[in-house]
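Because the structure is a prediction, the values reported are computed rather than measured. Throughout, a chain's letter reflects where its sequence line sits, starting with A, and its residues are numbered from 1. For the numbers below, each heavy atom of this structure counts, side chains included, while hydrogens, waters and symmetry mates do not.
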2 protein chains.
Amino acid sequence: MKYMEFKKILDSLDSEIYREVFQENQDNIRIKKEKTAVKNFEKIFDAVFQITYEKGFQAMTMRDLSSRTNMSLGSLYAYFASKEELLSIIHRQGGSMIKNVFAKFHNPDDPPLEQLRSVIKVHIFLSEASRPWFYFTFMEAKNLDTEGRAAVLSMEEHTENMLVHILETGEQQGVFLKRNHLLTASIIKAMQQEWYLKRWKYKKRKISVDDYADYVLEFTESFCLNAEQVKYNFPDNSIGQ
Amino acid sequence: MKYMEFKKILDSLDSEIYREVFQENQDNIRIKKEKTAVKNFEKIFDAVFQITYEKGFQAMTMRDLSSRTNMSLGSLYAYFASKEELLSIIHRQGGSMIKNVFAKFHNPDDPPLEQLRSVIKVHIFLSEASRPWFYFTFMEAKNLDTEGRAAVLSMEEHTENMLVHILETGEQQGVFLKRNHLLTASIIKAMQQEWYLKRWKYKKRKISVDDYADYVLEFTESFCLNAEQVKYNFPDNSIGQ
DNA sequence: GTCTATACACAGATAGAC
DNA sequence: GTCTATCTGTGTATAGAC
């Protein structure tokens, strides 16, 4: 799968996000018209991502946010009760979106090698499509309350466990080598993270997200794959699609 | 090399750091006695690292710092002119320390494979020994002024170029495979970074820094090493020490 | 729903006694 | 060198007109 295909499928879901934000917080905000709320939540979120990328959430003042959105302070507070709640809304919303996408693209009945490739690619592609959110979550997690931090950690563990399970199944089937699968999973996650934390670097070097994902796959497979078994299953050079 | 050996060598240099901080900033601070300054700079730096790890530098107030160090606000301002200058001092000092250590442990005349192993290990070991500083630099880099950010980036490029050079030399000698060495270097850096960004995770799982460094090496070598050439050079199983 | 004006708290920083 | 007390700016948040 290439990034463009992924993006197309994703976009068909994407428009729902801000409607969800409105509906989930309907009781706590003063805005009643869905159309207005959706339009402005999008504007607010985008501005938060921009400013936070430049100087961090703590350093962002409500006046920064006001001037970037062209909304007054008073208006902003009609959409959320406090700066801290805004942080919490962004986190919650992003988290639920991520989970949905993963569930949609993951098929536990595929053979392990295919699952491994798919999980790695989907994670990198998703972090490309929603880079502001991934970056934001990583950098601002420490500003969350206890509950929020727990949610971030549980997500981290969830994706790691997914990888471990795939690697173990593959090992049992003789496709993957015997390794410390938990450590392998952590290192794969580190490579995925690299993409959204340092994207400016790859942009400068004209490395596309497809290039990067393929390289991560190659790196990972050279370590995990049982070469004998693979030769047996794929006698021609169809490996790597 | 094991972490313990590395740490012993490092400690013999380490005691100098706070004396350097004093001497380099002697003109800008009101404290005149070296002994007092050194003792308190150490206390201040440690407190900053602790608090920043919990909530970030922006969110740290001078009053937080005051109560954590048991020094009054007035006293603190005898050691630096402003909160921003404190940030700058910490960054500058750490940067110069890192460069010294790298220079001390890197021998460009060693064979490429040995250099690769050494650079990877030294980086991980150093980030273990000075984890608060590495973590601080990564998370707080965006709060620096233009000059400071440029320094961080140049350090990042410096270590990456070191790796690229080693991989190229090795390829020419037939020890390493032909790869996109710049991408390989970036991914190695991502694996190194994982250690100091997520150290709590490995502590929980009882993975030591030696375990982790060895795993990174194994991972990297399975991708980079030219298996034929290695067999030729090391007919027995002495590989990996 | 959005605005301006403002309350109130708390941050960084300094003065000056000891 | 260190302290307490205090100044001053700026941040979050709200009240109330439109």
Thr36(A) side-chain proximity, nearest of dA13(C), dG1(C), dT14(D): dG1(C)

Met62(B) CE to dC10(C) P, straight-line distance once rounded to whole Å: 18 Å

Length of the line joining Leu86(A):CG and dT12(D):C1', which is rounded to integer Å: 13 Å

Short N-O contact, Arg199(A) and Glu128(A), less than 4.0 angstrom: yes

Euclidean distance, atom NZ of residue Lys39(A) to atom P of dG1(C) [Å, nearest integer]: 10 Å

Leu76(A) CG - dT2(C) P separation (whole Å): 10 Å

Which nucleotide in dG1(D), dT2(C), dA13(C) has an atom nearest any side-chain atom of Ser82(B): dA13(C)

Cation-pi, Tyr53(B) ring and Arg131(B) (6.0 angstrom, 45 degrees): yes

For atom CZ of Phe80(A) and atom C1' of dT12(D), their distance in whole Å: 11 Å

Under 4.0 angstrom between Tyr77(A) side-chain N/O and dA13(D) OP1 or OP2: yes

N or O in side chain of Asn70(A) less than 4.0 angstrom from dT2(C) OP1/OP2: no

Given dG1(C), dT14(C), dC3(D), the nucleotide with the shortest approach to the side chain of Ile31(A): dG1(C)

Integer-rounded Å distance: dT10(D) C1' and Lys55(A) NZ: 12 Å

Ser75(B) side chain near dC3(D) phosphate (N/O to OP1/OP2, under 4.0 Å): yes

Rounded distance (Å) that lies between atom P of dA13(D) and atom CG of Asn28(A): 15 Å

Separation of atom CZ in Phe22(A) from atom P in dG1(C), rounded to whole Å: 8 Å

Sugar-phosphate only, base, or nothing, as touched by Thr61(A) at under 4.0 Å among non-hydrogen atoms: sugar-phosphate

Parallel, tilted or perpendicular, as decided by the 30° and 60° cut-offs, for the rings of Tyr215(A) and Phe219(A): perpendicular

Asn40(A) side-chain N/O to dT2(C) phosphate OP1/OP2 under 4.0 Å: yes

Residues, nucleotides or ligands: over 12 heavy atoms within 6.0 Å of Glu84(A) CD: no

Gly74(A) vs Arg30(B), nearer the 5' end of DNA chain C by closest nucleotide: Gly74(A)

Under-3.5 Å donor-acceptor pair between Arg63(A) side chain and dT10(D) base: no

Sub-6.0 Å ring centroid separation between Trp195(A) and Tyr202(A): yes

Any Tyr79(A) side-chain nitrogen or oxygen under 4.0 Å from OP1 or OP2 of dT2(C): yes

